[in-house]
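As the structure is a computational prediction, the values presented were derived from the model and not from experiment. Basis for what follows: all heavy atoms, side chains included, without hydrogens, waters or symmetry-related copies.
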Amino acid sequence: MKQRKKPLMGLLAAGISLALLAGGNPGKAQAAPKGYPVLLKINEYYVLYTAPKAPYVDSNGRIMIPLRAISELMGAKVTYGAGTQTATVRLGEQNVIFTTGSTTVMVNGVAGSMDTVPVLEQNSLFIPVSVLADTLGIVSKWDPSNHLYTLTGDTLMQTDIIKLAIEDMERGAFAAPPGKIISNDALRPVSYTYDPVKGSFTIKSQNITGNDIPAGAADVAAYLVFKDSVQFQVQKRERPAVSKDGFIGVTVQKQSPYPPLYLLVKGRLLDRSGM
């Protein structure tokens with residue numbers, strides 16, 4: 001499958017800067033393709049990968065995400081003090097301070113306790129997302145049967161990466177889906193595999209509509225974000241039929257020389273009746 005990418009340089013006039021999208025060390029690539037579960041959803045976006053490491057479950061059963069993603073995806077203001085190894089996260093009127101390796105969390109100046117600790121992974125601080133949601137007052141839901149943690153809120157996913165580099169671009173003729181979007185909650189990514197040799201992600205998604213999906217209507221939209229661009233899939237791509245509760249696989253080939261910062265996915269249903 002071919003993909004197209006839109007350079008962020010062309011979006012500078014819209015307020016996006018390369019500094020905003022700059023990433024860190026992506027870490028060493030795996031020697032062979034490796035599979036990962038999909039653990040996190042923020043509003044309509046499934047968050048599959050976040051540099052320098054995909055969201056993961058730590059030894060205490062908590063889903064961990066990098067501090068940068070809290071800023072670039074969720075829209076919180078974050079700072080990190082290397083000397084004190086503390087991270088400050090501000091969202092609205094809430095101010096939360098995490099300390100690397102410590103179970104203590106400060107919420108608006110009041111000390112609390114966690115059952116896990118923030119950790120440094122490849123020079124990036126990872127924070128327990130459930131603690132973050134609780135302390136910031138974000139609506140969250142844990143789906144134990146699908147092992148999926150969902151965050152929802154009007155203030156989330158309102159950053160330049162999402163609103164300008166993805167959503168505004170996708171409204172244009174180049175990247176718009178070929179049909180009216182009936183639902184953004186029709187296909188749920190359950191796992192993905194990354195092949196470092198080919199530079200490709202293969203995403204496995206399940207039909208959760210409760211009905212068969214006809215050919216052309218299942219739209220697994222994947223967005224690869226790099227430090228200088230966002231890569232979209234081509235509009236005219238194969239969209240096979242998906243049976244009730246069935247699965248569909250989509251492969252996205254990386255076309256940037258830079259390592260990916262994020263892999264975000266929407267599982268949409270399109271109205272192709274007029275096509």
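Using a 4.5 Å heavy-atom cutoff, the side chains of Val96 and Leu132 are not in contact. Under the 4.5 Å side-chain criterion, counting only non-hydrogen atoms from C-beta, Lys198 is in contact with Gln253. Using a 4.5 Å heavy-atom threshold, the side chains of Val57 and Met64 count as separate. Residues Ser200 and Tyr194 form no side-chain contact, since every pair of their non-hydrogen atoms from C-beta on lies 4.5 Å or further apart. Using a 4.5 Å heavy-atom threshold, the side chains of Leu48 and Leu264 count as separate. Here the side chains of Arg62 and Ser130 are in contact, with some heavy-atom distance below 4.5 Å. Residues Val250 and Thr202 fail the side-chain proximity criterion, which asks for heavy atoms closer than 4.5 Å. Between Gln231 and Phe226, some side-chain heavy-atom pair lies under the 4.5 Å cut-off.
Minimum heavy-atom separation, Ala51 to Pro260: CB-O, 3.6 Å. Residues Lys244 and Asp212 come closest through the heavy atom pair N-OD1, 2.6 Å. The minimum heavy-atom distance linking Asp115 with Asn60 is given by the pair O-CG, 3.4 Å. Of all heavy-atom pairs between Val265 and Pro189, the closest is CG1-CG, 3.6 Å. Residue Ser205 comes nearest to Leu187 through the heavy atom pair CB-CB, 4.3 Å, listed as atom of the first residue, atom of the second, then distance. Annotation for Ile248 and Ala218: closest pair CD1-CB, 4.4 Å, computed over non-hydrogen atoms.
In the hydrophobic clustering of this structure, Leu270 does not group with Ile166; members are Ile, Leu, Val, Met, Phe, Trp, Tyr whose side-chain heavy atoms approach within less than 4.5 Å, directly or through other members. The hydrophobic cluster containing Ile138 also contains Trp142, counting ILVMFWY residues as joined when their side-chain heavy atoms lie under 4.5 angstrom apart, directly or transitively. Linking Ile, Leu, Val, Met, Phe, Trp and Tyr whenever their side-chain heavy atoms come within less than 4.5 Å leaves Val117 and Ile97 in two separate clusters. Tracing side-chain contacts under 4.5 Å through hydrophobic residues (I, L, V, M, F, W, Y), one never reaches Leu148 starting from Val139; they form parts of separate clusters. Hydrophobic cluster membership is shared by Phe98 and Leu73, with clusters built from Ile, Leu, Val, Met, Phe, Trp and Tyr side chains linked at under 4.5 angstrom.
Counting only N and O atoms by type, the side chains of Asn108 and Gln94 include a donor and acceptor under 3.5 Å apart. When only modelled atom types and interatomic distance are considered, Asp58 and Thr116 share a side-chain donor-acceptor pair under 3.5 Å. Side-chain N/O atoms of Asn207 and Thr209 include a donor and acceptor closer than 3.5 Å. A donor-acceptor contact closer than 3.5 angstrom links the side chains of Ser145 and Asp143.
Looking at Gln233, its side chain does come within 3.5 Å of a backbone N or O of Ala222 through a donor-acceptor pair. Of the possible polar contacts, none joining the Glu44 side chain to the Asn184 backbone as a donor-acceptor pair under 3.5 Å is found.
Ion pairing of Asp195 with Lys254 is absent here, as no side-chain N (NZ or NE/NH1/NH2) approaches a carboxylate O to less than 4.0 Å. A salt bridge links Asp185 with Lys41; the closest basic N to acidic carboxylate O contact falls under 4.0 Å.
Note that NZ of Lys53 is 3.5 Å distant from CD of Glu121, once rounded to the nearest 0.5 Å. Here the straight-line distance linking atom CG of Leu263 with atom OH of Tyr192 works out to 7.0 Å at 0.5 Å rounding. Here the straight-line distance linking atom CD1 of Ile182 with atom CG of Asp271 works out to 4.5 Å at 0.5 Å rounding. The line from CD1 of Ile161 to CD of Glu72 is 4.0 Å long, rounded to the nearest 0.5 Å. One distance of note links CE of Met74 with CG of Leu156; it measures 5.5 Å at 0.5 Å rounding. The CE atom of Met114 lies 11.5 Å from the CG atom of Asp134; values are rounded to the nearest 0.5 Å.
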Legend entry - Stepwise side-chain contact (heavy atoms from CB on, under 4.5 Å) check, Tyr56 with Tyr36: CA-CA 9 Å; Tyr56 68 94; Tyr36 300 89; over 6 Å; no
Inset, instruction - Show your reasoning for whether side-chain contact (heavy atoms from CB on, under 4.5 Å) applies to Tyr49 and Leu224. - result: CA-CA 9 Å; Tyr49 178 77; Leu224 270 176; over 6 Å; no
Inset, instruction - Mind running side-chain contact (heavy atoms from CB on, under 4.5 Å) on Lys266 and Ile181 for me, showing each step along the way? - result: CA-CA 11 Å; Lys266 282 185 177 181; Ile181 299 172; over 6 Å; no
Inset, instruction - Kindly indicate, with the supporting measurements, whether the criterion side-chain contact (heavy atoms from CB on, under 4.5 Å) is fulfilled by Leu151 and Val129. - result: CA-CA 9 Å; Leu151 305 178; Val129 66; 3.8 Å; yes
Inset, instruction - Kindly indicate, with the supporting measurements, whether the criterion side-chain hydrogen bond (donor to acceptor under 3.5 Å, both in side chains) is fulfilled by Tyr149 and Ser140. - result: CA-CA 7 Å; Tyr149 192 74; Ser140 62; 3.0 Å; yes
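Each of Leu91, Ile70, Thr155, Val131 was scored for a side-chain contact (heavy atoms from CB on, under 4.5 Å) with Leu136, with one residue passing: Leu91.
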Exercise answer: donor-acceptor pairs, residues 75-90 side-chain atoms, under 3.5 Å, sequence neighbours excluded:
residue : atom : partner : partner atom : Å
Thr84   : OG1  : Thr86   : OG1          : 2.7
Arg90   : NE   : Asn95   : OD1          : 3.0

For residues 167-180, run the donor-acceptor check on the side chains, cut-off 3.5 Å, and write out each pair with its distance to 0.1 Å, sequence neighbours left out.
residue : atom : partner : partner atom : Å
Glu167  : OE1  : Lys163  : NZ           : 2.7
Glu167  : OE2  : Tyr45   : OH           : 2.7
Asp168  : OD1  : Arg171  : NH1          : 2.5
Glu170  : OE1  : Tyr223  : OH           : 3.0
Glu170  : OE1  : Arg268  : NH1          : 3.3
Glu170  : OE2  : Tyr223  : OH           : 3.0
Glu170  : OE2  : Arg268  : NH1          : 3.2
Glu170  : OE2  : Arg268  : NH2          : 3.2

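Sorted by first and then second residue, the side-chain hydrogen bond (donor to acceptor under 3.5 Å, both in side chains) pairs with a member in residues 96-105 form an empty list; sequence neighbours excluded.
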